[in-house]
Visitor: 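One structure, pasted below without further comment.
To find a chain, count down the sequence lines: A is the first, B the second, and so on, and within it residues start at 1.
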2 protein chains.
Amino acid sequence: MSRRAVQSRIARAAEELFVAKGFEETTVDEIAAAVGMSQRSFFRYFASKDEVVLDSLERLGEELTARLEARPADEPEWDSLRHSFASVVDRLSDPEARDHDRAIHGIVNASPRLLAAYLGRLDRLQGSLSELLLDRAARNPGGETDPVVLRALVGGAFACLQAAMHHCGVEPEVFGPCLDRTMAALRPAGASA
Amino acid sequence: MSRRAVQSRIARAAEELFVAKGFEETTVDEIAAAVGMSQRSFFRYFASKDEVVLDSLERLGEELTARLEARPADEPEWDSLRHSFASVVDRLSDPEARDHDRAIHGIVNASPRLLAAYLGRLDRLQGSLSELLLDRAARNPGGETDPVVLRALVGGAFACLQAAMHHCGVEPEVFGPCLDRTMAALRPAGASA
DNA sequence: CGGAAAGTGTCAGTGACTGTCAATCATTGC
DNA sequence: GCAATGATTGACAGTCACTGACACTTTCCG
């Protein structure tokens, strides 16, 4: 069985336990027992207990990066980001993925420690997206070339995403328009060019 | 000796060790020994090892809140936030505080775990500032009354603050203008009213 | 003086995580 | 077929953050 498949089995079992008992209240020993392996082996597939929950989020980051790279280089950064976020909305149309994300969302929000780790990941993702846009601007005229402004711009776009997700939940019918409305309201004055 | 004074003594000793050996590499036992107390007593003054570093940041949050409350209620939110952030710049003019903040900044950025905890704190602070502004808008016409947009707005302003701090360091002469430039660039198109 | 309250040390325990070693199992070269 | 090899695993021991329980001292207040 492939590494990815084992990770997936562990993650499924772990999330079930997390939903049932809470994240902090579930021990790694219990997770390992649920998949029928030693605690030591659990840590060979996930570097930490946090990782089990945040791993699925990692792939979302990769997809987001890919979508952003695919946007036309002369598009305003704000619009490129908004279109990349739309991929998140798309993902939520698959009912299975939606249920899963809802569960993850609940687990993360219930544990300050996990929430912090999640925000740490988001921060690094924002950093890498900023560099991506910085490279793009260097090759194309009209783009934002100030790394500080660019980093803040990406941060602002993610603030919209986070706010919309937090307040509107994961129902795509509600979440989509909510994100559009928020990003329209926050659109930087100078970014319409 | 007051509780606050003891905390301060612990924090000073701990930060010295963190700078010398790194955060993860310093054990709580070592910190406790450095102040001459048992490990158990250390945890009576700080809930966790993280807390020692993040505690000083907590007070900055309180000051920021106070400054924001003091701004005129009819001022655009973006400007109120920028003026509140200026208090952070002011704080950096005290050379002693600046050195301290520089040290903290270095420690936090060197440890992903601490960075995550720091971002978690910032997130909660942003939440409470959003509520503050929401209340203010309810009492005054012209303010932003949509909680989602407001939360994103605060997030965007903090993204500017973070980006400026990260890229420009803690030299007030550089940091101040950098923050102004970034917040001017990110100013929402609809927030000029 | 006496007794409550607050602060502290000690000790034992839990849970996340790591290093190590030996056994197992699949792969590869002969 | 078979032995050498490398990867995967379990078992065990150890570290470190953190917690609960209890006993002891100091301080404060009547």
Side-chain angles (χ1 to χ4, degrees), chain A residues 1-55 58 107-108 110-118 120-121, chain B residues 1-55 57-58 107-108 110-121:
Chain A
M1 199 176 316
S2 80
R3 175 176 183 81
R4 190 96 250 166
V6 178
Q7 284 179 325
S8 178
R9 262 182 56 216
I10 298 175
R12 258 198 299 278
E15 282 159 20
E16 210 167 302
L17 287 168
F18 292 158
V19 169
K21 310 182 39 179
F23 178 77
E24 323 272 7
E25 290 71 26
T26 305
T27 70
V28 174
D29 283 330
E30 288 169 338
I31 302 171
V35 247
M37 58 169 53
S38 69
Q39 191 213 51
R40 194 67 188 85
S41 284
F42 169 92
F43 282 109
R44 288 184 176 111
Y45 287 99
F46 290 101
S48 69
K49 200 170 80 166
D50 298 3
E51 206 72 15
V52 183
V53 182
L54 267 30
D55 180 59
E58 203 76 4
I107 296 168
V108 170
S111 158
R113 165 150 158 254
L114 256 190
L115 182 61
Y118 165 70
R121 297 294 174 103
Chain B
M1 198 178 312
S2 78
R3 174 177 183 80
R4 189 97 250 168
V6 178
Q7 286 179 324
S8 179
R9 263 182 55 218
I10 299 174
R12 259 197 299 276
E15 281 158 21
E16 210 166 303
L17 288 168
F18 292 157
V19 169
K21 311 181 35 177
F23 179 76
E24 322 272 7
E25 290 71 26
T26 306
T27 69
V28 174
D29 283 329
E30 287 169 339
I31 302 171
V35 241
M37 59 170 52
S38 68
Q39 192 212 52
R40 195 67 187 83
S41 283
F42 170 92
F43 283 110
R44 286 182 177 115
Y45 287 99
F46 289 101
S48 69
K49 200 170 80 165
D50 298 2
E51 206 71 16
V52 183
V53 183
L54 267 28
D55 181 59
L57 229 131
E58 203 76 5
I107 297 168
V108 170
S111 158
R113 165 150 157 253
L114 257 189
L115 181 62
Y118 165 69
L119 292 172
R121 296 293 173 102

Visitor: From CD of A:Q7 over to P of D:dT9, roughly how many Å is that when rounded to an integer?
Guide: 11 Å
Visitor: Please tell me if the side chains of A:R113 and A:E24 come closer than 4.5 Å, counting only heavy atoms from C-beta onward.
Guide: yes
Visitor: Would you call A:M37 and A:R44 a side-chain contact if the rule is heavy atoms closer than 4.5 Å?
Guide: no
Visitor: Over how many whole Å does the gap from A:F43 atom CZ to D:dC12 atom C1' extend?
Guide: 15 Å
Visitor: Hey, which of these two, B:K49 or B:R44, hits DNA chain D nearer its 5' end, going by closest nucleotide?
Guide: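 In this pair, the answer is B:K49.
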Visitor: Are A:R4 and A:D55 ion-paired here, with the side-chain N under 4.0 Å from a carboxylate O?
Guide: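 Yes, this pair counts.
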Visitor: May I have the distance from B:F42 (atom CZ) to D:dA17 (atom P), rounded to whole angstrom?
Guide: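 To the nearest whole Å, that distance equals 9 Å.
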Visitor: Might you point out which heavy atoms bring B:A14 and B:V52 nearest each other, and give the distance in Å?
Guide: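 In this case the closest contact between B:A14 and B:V52 is CB-CG1, 3.6 Å.
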Visitor: To the nearest Å, how far apart are A:R40 CZ and D:dG14 C1'?
Guide: 12 Å
Visitor: Would you indicate whether B:E25, at its atom CD, is surrounded by more than 12 heavy atoms from other residues, nucleotides or ligands within a distance under 6.0 Å?
Guide: yes
Visitor: Please confirm whether the shortest side-chain N or O distance from A:Y45 to OP1 or OP2 of D:dT9 is below 4.0 Å.
Guide: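 Yes, A:Y45 has a side-chain N/O under 4.0 Å of OP1/OP2 on D:dT9.
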Visitor: Do other residues, nucleotides or ligands put more than 12 heavy atoms under 6.0 Å from A:E58 CD?
Guide: yes
Visitor: With a strict under 4.0 Å distance from non-hydrogen atoms of chain A, what nucleotide opens and what nucleotide closes the contacted stretch of DNA chain C, reading 5' to 3'?
Guide: C:dG15 to C:dT20
Visitor: Within residues 9-36 of chain A, which residues have any heavy atom lying less than 4.0 Å from an atom of DNA chain C?
Guide: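 Within this stretch, A:T26, A:T27, A:V28 sit under 4.0 Å of the strand.
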